[in-house]
Amino acid sequence: MKIQSTMTGNKENFQPIHNNRINLFVCGPTVYDNSHIGHARTYIAFDVVARYLNYRGYSVFYLQNITDVDDKIIQRAAETGASPRMLAKRFEQRYLEDMHALGVTNVNYYARATEHVPEIISQIERLIELGFAYETQSGIYFDESRFQDFGKLSHQSVEDLKKHRIEPDPTKRNPGDFSLWKKRQDGEEVTWNSPWGLGRPGWHIEDTAITETYFGAQYDIHGGAMDLIFPHHEAEIAQMEATSGKKPLVRYWMHTGFLNVNGEKMSKSLGNFTTIRDMLQKYEADAFRFFVLLAHYRSPIDFSEEALEQAGKSLERIRQAARIIEKQLQTAPASSATKPTDPSIDPDVAEAKARFLESMDNDFNTPYALRAVFDLVREVNRRINEKTISRKGLQDASEQLREFGEILGLGFYAAGKKSQGKAEAITGNLIELLIETRQKLREKKEWQLADEIRARLNELNVVIEDAKDGGRKYYV
RNA sequence: GCCAAGGUGGCGGAGCGGCCACGCAAAUGCCUGCAGAGCAUUACCACUCCGGUUCGAAUCCGGACCUUGGCUCCA
């Protein structure tokens, strides 16, 4: 298995630190607003990474932090009149709901920054002792000049980093020194006691304090989006490697490409964002997941409604095949209906699986893995068309398709959105009644009325596909 | 200015030395009462440009051009 690491720029052979165990950390959100679909892209990508590693037999501990204390939270709270704590709680809850709705279900533990302040303080104390951090009037800062490797992840030299867009704080030793602890300013209500008085943690330190707590000084995979490489992940490397003296902090750095809109990064500040909630009002979660998986996780993707609809149709092709298989299994006789000369589909199923795994092993190449899925779909459809597939072949293909879906987190066998509900037991029976009646009309060749019923049901998103044996129905 | 990621058919998007993506959309045929779905076949003769290496380059090397992102808020 190979993983491309941002540190080297190459695909590296994957080798966990502890045998079978994998510690995976992905930077979570700052909970000051609803998350948008750019966030969703990243978390779906790592959800699939975790799913696949688990499938491959590793024991994955997937850890994510929640930044619930931060300038932005305080600022937003001040704007809206809410307390920062309550605001963070609210948007954390919404974030978790969004992830659930998207099928992102493989994070083992969400660690809040505010629940790890003692660990944060401990790490800062050690950095001061070791001479990597110093105190000023405004807080504690990391002394970048003391850490030789600064810039190694983003491939920038210390010289490169001397240029700045923002005017540096003159009280710091080096312009690039970043904040570890912010001392309390007038009126701030979110504070903790520390050896340096009341204050709150800087942004970068929470992640290394959290990963040190659960993983120790070194771990396997760190993920996040491209924009976190600098300065955030550089800061993490500096903090933890300086504290522990152990290198590297992380074996494999995985970074996802941006979700763009008209070629521009989707972001809060540009105002071109769509929240996950809004998107899910209009589209099915799995259609979005499919859209994400259609591109490699490192590639930028351009979001548009057209692209999402196209992805939805592609997914429908797989689901359609799943429906056809189910239908066949229901109606096919128990014994094989094929001729003895018909070749078994087993080799095709095996080949699809091998290609799928090979693609996933190659830095989680989901688009190439999907090719194997589509190849299997076509082969099964072909054989059903030609009546050269046995009952066992259908079952094997069905199981394989289901397994692909589980690895990718896609419900190939899902009925489609909005198929379940409360009053639907009655509705379902009424629909069945209509369909039966219509079938009788067809037998009497009352085509006009039969077609009208089909068209009207279609308007209600009940799709009927006719065949000699009565066809099948499904909901969209 | 420095660093990074890109530029592939009508669209999305893999590949990264020779063959083939895959999907969406399209065309023709098969099937079908019709529609839909499915299958088969086809087309799009695609790789930003200019040099070079090679029997052979989208892929390797050199040089341009363009797009996006980062340069201390960011998934």
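Every value quoted in this text rests on a predicted model; they were computed, and no experiment measured them. We name chains A, B, ... by the order of the sequence lines, and we start the count at 1 in each one.
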Is any side-chain nitrogen or oxygen of [X] closer than 4.0 Å to OP1 or OP2 of [N]?
{"X": "S299(A)", "N": "G6(B)", "answer": "no"}
{"X": "N381(A)", "N": "C39(B)", "answer": "yes"}
{"X": "K265(A)", "N": "G70(B)", "answer": "yes"}
{"X": "R319(A)", "N": "A37(B)", "answer": "no"}
{"X": "N365(A)", "N": "G15(B)", "answer": "yes"}
{"X": "R378(A)", "N": "G23(B)", "answer": "yes"}

Listed nucleotide nearest any side-chain atom of [X], set [options]:
{"X": "R317(A)", "options": "C3(B), C24(B), A75(B)", "value": "C24(B)"}
{"X": "E386(A)", "options": "C39(B), A37(B), A75(B)", "value": "C39(B)"}
{"X": "D375(A)", "options": "A75(B), G13(B), C22(B)", "value": "C22(B)"}
{"X": "F230(A)", "options": "A35(B), G70(B), G23(B)", "value": "G70(B)"}
{"X": "K313(A)", "options": "C24(B), G69(B), A40(B)", "value": "C24(B)"}
{"X": "P300(A)", "options": "A5(B), G70(B), G38(B)", "value": "A5(B)"}
{"X": "H155(A)", "options": "A4(B), A14(B), A75(B)", "value": "A4(B)"}
{"X": "W447(A)", "options": "G33(B), G38(B), C22(B)", "value": "G33(B)"}
{"X": "R442(A)", "options": "G33(B), U68(B), A21(B)", "value": "G33(B)"}

request  = Decide yes or no, distance alone: a donor-acceptor N/O pair under 3.5 angstrom between the base of G33(B) and the side-chain of D451(A).
outcome  = yes

Taking only the [atom1] atom of each, what is the distance from [N] to [M] in whole angstrom?
{"N": "G10(B)", "M": "C73(B)", "atom1": "P", "value": "43 Å"}
{"N": "U28(B)", "M": "A37(B)", "atom1": "P", "value": "15 Å"}
{"N": "U68(B)", "M": "A25(B)", "atom1": "P", "value": "31 Å"}
{"N": "C16(B)", "M": "G69(B)", "atom1": "P", "value": "28 Å"}
{"N": "U32(B)", "M": "C39(B)", "atom1": "C1'", "value": "13 Å"}
{"N": "C30(B)", "M": "C22(B)", "atom1": "C1'", "value": "24 Å"}
{"N": "C60(B)", "M": "G18(B)", "atom1": "P", "value": "11 Å"}
{"N": "U59(B)", "M": "G52(B)", "atom1": "C1'", "value": "15 Å"}

message = Within the structure provided, determine whether Y52(A) and M1(A) are in side-chain contact (heavy-atom separation under 4.5 Å).
response = yes

key: Any side-chain heavy-atom pair of V380(A) and Q400(A) under 4.5 Å   = no

Using whole Å, what does the distance between atom [atom2] of nucleotide [N] and atom [atom1] of [X] come to?
{"X": "I301(A)", "N": "G6(B)", "atom1": "CD1", "atom2": "C1'", "answer": "14 Å"}
{"X": "F25(A)", "N": "A75(B)", "atom1": "CZ", "atom2": "P", "answer": "12 Å"}
{"X": "D70(A)", "N": "U72(B)", "atom1": "CG", "atom2": "P", "answer": "17 Å"}
{"X": "R173(A)", "N": "U72(B)", "atom1": "CZ", "atom2": "C1'", "answer": "18 Å"}
{"X": "H222(A)", "N": "A75(B)", "atom1": "NE2", "atom2": "P", "answer": "12 Å"}
{"X": "Y368(A)", "N": "A14(B)", "atom1": "OH", "atom2": "P", "answer": "13 Å"}
{"X": "I229(A)", "N": "G70(B)", "atom1": "CD1", "atom2": "C1'", "answer": "8 Å"}
{"X": "K445(A)", "N": "U32(B)", "atom1": "NZ", "atom2": "P", "answer": "13 Å"}

request  = Nearest-nucleotide wise, let me know which of R41(A) and R298(A) is further upstream toward the 5' end of RNA chain B.
outcome  = R298(A)

ask   = For RNA chain B, whose closest nucleotide is more 5', that of L259(A) or that of G9(A)?
value = G9(A)

Checking side-chain polar atoms at under 3.5 Å, does [X] have a donor or acceptor matched by the opposite partner on [Y]?
{"X": "S398(A)", "Y": "Y413(A)", "value": "yes"}
{"X": "Q439(A)", "Y": "R442(A)", "value": "yes"}
{"X": "E206(A)", "Y": "N65(A)", "value": "yes"}
{"X": "T208(A)", "Y": "Q123(A)", "value": "yes"}

Could you tell me whether [X] and [Y] have a side-chain N and a carboxylate O separated by less than 4.0 Å?
{"X": "E465(A)", "Y": "R323(A)", "answer": "no"}
{"X": "R371(A)", "Y": "D375(A)", "answer": "yes"}
{"X": "E241(A)", "Y": "K152(A)", "answer": "yes"}
{"X": "E436(A)", "Y": "K440(A)", "answer": "no"}

remark   = residues 295-309 of chain A vs salt bridge (Lys or Arg N to Asp or Glu O under 4.0 Å), sequence neighbours excluded, gives K282(A)-E305(A)

Check every strand shown and say whether [X] touches a base, only sugar-phosphate, or nothing at a heavy-atom separation below 4.0 Å.
{"X": "H296(A)", "value": "sugar-phosphate"}
{"X": "G38(A)", "value": "base"}
{"X": "K72(A)", "value": "base"}

F374(A)-G23(B) aromatic stacking (under 5.5 Å, under 30°) = no

Between N or O atoms, less than 3.5 Å apart, protein on one side and nucleotides 8-12 of chain B on the other: list the pairs.
| unit_1 | atom_1 | unit_2 | atom_2 | d |
| --- | --- | --- | --- | --- |
| C11(B) | O2 | Q310(A) | NE2 | 3.1 |

request  = Go through the steps for H222(A) and D207(A) under the test side chain to side chain donor-acceptor pair (under 3.5 Å), then give the verdict.
outcome  = CA-CA 11 Å; H222(A) 187 138; D207(A) 286 346; 5.4 Å; no

task = For RNA chain B, produce a single dot-bracket line, 5' to 3'. Pairs: Watson-Crick or G-U wobble, both distances under 3.5 Å. Symbols: ( ) within strand, [ ] crossing, | other strand, . unpaired.
result = (((((((..(((.....[...))).(((((.......))))).....(((((..]....))))))))))))....

request  = Answer with yes or no after comparing the ring centroid distance for Y95(A) and Y43(A) against a 6.0 Å cut-off, counting only values under it.
outcome  = yes

